[in-house]
Number of protein chains: 2
Amino acid sequence: MNDTRGKLIDAAVETLRVRGIAGISARTIAATAGVNQALVFYHFGTVAGLVDAACRESTAARVALYRDRLGAVGSLHDLLILGRELNAAEREAGNVAILAQVLAGAQQDPVLAATARDSLQLWVAEIEAVLARVLAGSPVGELADAASLAPAVAAAFIGIELYEGVDASAAAAGLDALENLSVLAEVLEDLGSVGRRALRTRIRRARAGSGN
Amino acid sequence: MNDTRGKLIDAAVETLRVRGIAGISARTIAATAGVNQALVFYHFGTVAGLVDAACRESTAARVALYRDRLGAVGSLHDLLILGRELNAAEREAGNVAILAQVLAGAQQDPVLAATARDSLQLWVAEIEAVLARVLAGSPVGELADAASLAPAVAAAFIGIELYEGVDASAAAAGLDALENLSVLAEVLEDLGSVGRRALRTRIRRARAGSGN
DNA sequence: GTCTATAGAGGGATAGAC
DNA sequence: GTCTATCCCTCTATAGAC
């Protein structure tokens with residue numbers, strides 16, 4: 001709405017990025033925004049209320065920024081390229097870092113938990129739509145559905161983002177390794193009906209017993 | 001060493017679990033331990049010093065608890081079963097939750113970053129050893145090495161653990177879906193030399209150009 | 001809608017008695 | 001090694017002037 005409200009939202013995002021969930025306070029946010037501390041309570045009631053609004057609004061803005069690109073993804077290969085770019089850009093902008101901070105705080109605070117769940121859901125919904133398209137043309141679709149896989153992808157993304165903060169090179173190597181594993185899916189596609197038959201046999205065997 | 005020191009370590013772990021990195025203080029930890037607040041500073045210098053020691057010691061204890069079981073893993077299937085059990089047990093004990101909290105705090109604090117890196121490394125080293133054994137007998141080993149993959153596995157594990165705190169059913173479904181994807185590796189093994197040839201063709205193509 | 005001022009709680013850390 | 005007492009800071013939140 002008005003300008004101060006927007007400045008506080010932006011400052012909350014920035015403060016969460018720079019000082020983390022443990023360093024957030026009405027005073028630190030207001031100082032970053034360049035406004036009076038009391039305005040946090042006037043506009044948002046509590047500090048938690050401001051963090052809630054900031055997380056939701058900034059996530060919605062970031063997701064909207066990628067909606068078109070995500071909509072253009074037609075293959076696993078496209079998805080991996082976009083995922084890499086998204087990882088770098090979000091790291092730069094700090095939105096995944098913010099989600100990670102709110103997610104950490106959410107483990108003990110039911111209000112923050114709702115914020116984190118809803119914000120993550122914005123990403124999960126996009127990821128799910130893309131996965132549904134990519135998996136439809138692949139034998140891998142017989143193994144896992146997009147709705148189940150999407151939260152795992154989002155969660156893994158955040159875990160790796162956190163890991164990047166303490167060991168950037170290991171995290172980068174890990175992302176490379178995961179990317180390489182996608183070749184498994186491509187090989188299965190290359191093998192056509194032979195691969196598909198082997199896959200179905202395996203699935204039957206796994207469902208019947210120990211699978212080994 | 002002495003008893004108070006141990007009580008403070010245990011209390012720090014418990015407080016990190018119950019109140020998170022944002023709710024940690026010498027007073028909250030001392031109250032949980034049932035000792036005087038000033039003893040935090042006598043034994044550990046600062047609150048951060050206590051958190052550091054607590055994270056390192058509790059992680060080392062949890063890893064030691066699983067070392068034998070991890071050493072007995074001989075196949076991807078074994079690894080997935082143990083992974084599931086480990087996920088449930090660590091969730092119960094709260095050690096992954098603690099690592100997640102320290103990891104969140106580590107994004108802004110270089111001292112905590114070292115704590116998180118070293119503690120995670122304890123898990124990563126174990127995971128790497130297991131992966132090296134499992135991948136040696138599988139064509140998947142041609143795609144990714146254990147050293148690169150291990151940090152990604154640990155990071156993803158933590159991300160999913162955080163996700164469980166805000167949406168337990170989605171996180172569980174995600175773990176199931178990831179588990180199903182492991183069938184991809186088994187199918188490739190089933191296909192023997194045919195699969196291996198297809199895999200090598202794919203890798204050559206991927207390294208040469210766009211891979212699609 | 002924005003400011004100052006302030007209440008009241010909680011926090012890190014230390015001095016000094018025991 | 002443990003305790004009390006305390007300093008001084010930061011925090012949330014509100015009252016009330018402008």
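In what follows, every chain begins at residue 1, and chains take the letters A, B, ... in the order their sequences are listed.
Across all non-hydrogen atoms, the minimal contact from B/V134 to B/G74 is CG2-C, 4.3 Å.
Between the C1' atom of D/dT2 and the CG atom of B/N36 lies a distance of 7 Å, rounded to the nearest Å. Per the geometry, CD belonging to B/Q37 stands 11 Å off C1' belonging to D/dC3, to the nearest Å. Per the geometry, CG belonging to A/L50 stands 14 Å off P belonging to D/dC11, to the nearest Å. Rounded to whole angstrom, the span from the CZ atom of B/R27 across to the C1' atom of C/dT14 amounts to 12 Å. Atoms CZ (A/F41) and C1' (C/dG8) sit 14 Å apart, rounded to a whole Å. Rounded to whole angstrom, the span from the CD1 atom of B/I21 across to the C1' atom of C/dG11 amounts to 15 Å. Atoms CG (A/L39) and C1' (C/dC3) sit 8 Å apart, rounded to a whole Å. D/dC18 atom C1' lies 14 Å from atom OH of A/Y42, rounded to whole Å.
The main-chain N or O of A/I21 is found under 3.5 Å from a side-chain atom of A/Q101 such that the two form a donor-acceptor pair.
Between B/T46 and the phosphate of C/dG12, there is no side-chain N or O to OP1/OP2 separation shorter than 4.0 Å. The phosphate of C/dG10 has neither OP1 nor OP2 within less than 4.0 Å of any side-chain N or O from B/S25.
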Could you walk me through whether A/E179 and A/R84 pass salt bridge (Lys or Arg N to Asp or Glu O under 4.0 Å), step by step? CA-CA 9 Å; A/E179 211 166 307; A/R84 256 310 162 85; 3.6 Å; yes
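Picking from C/dA13, C/dT2, D/dT14 the nucleotide with the shortest atom distance to the side chain of A/A38 gives D/dT14. Comparing C/dT2, C/dG12, D/dT2 by their nearest atom to the side chain of B/A26 picks out C/dG12.
At the heavy-atom level, B/V40 lies nowhere under 4.0 Å from the strands shown.
Here B/R69 pairs with B/E85 in a salt bridge; the nearest charged N to carboxylate O distance falls below 4.0 Å.
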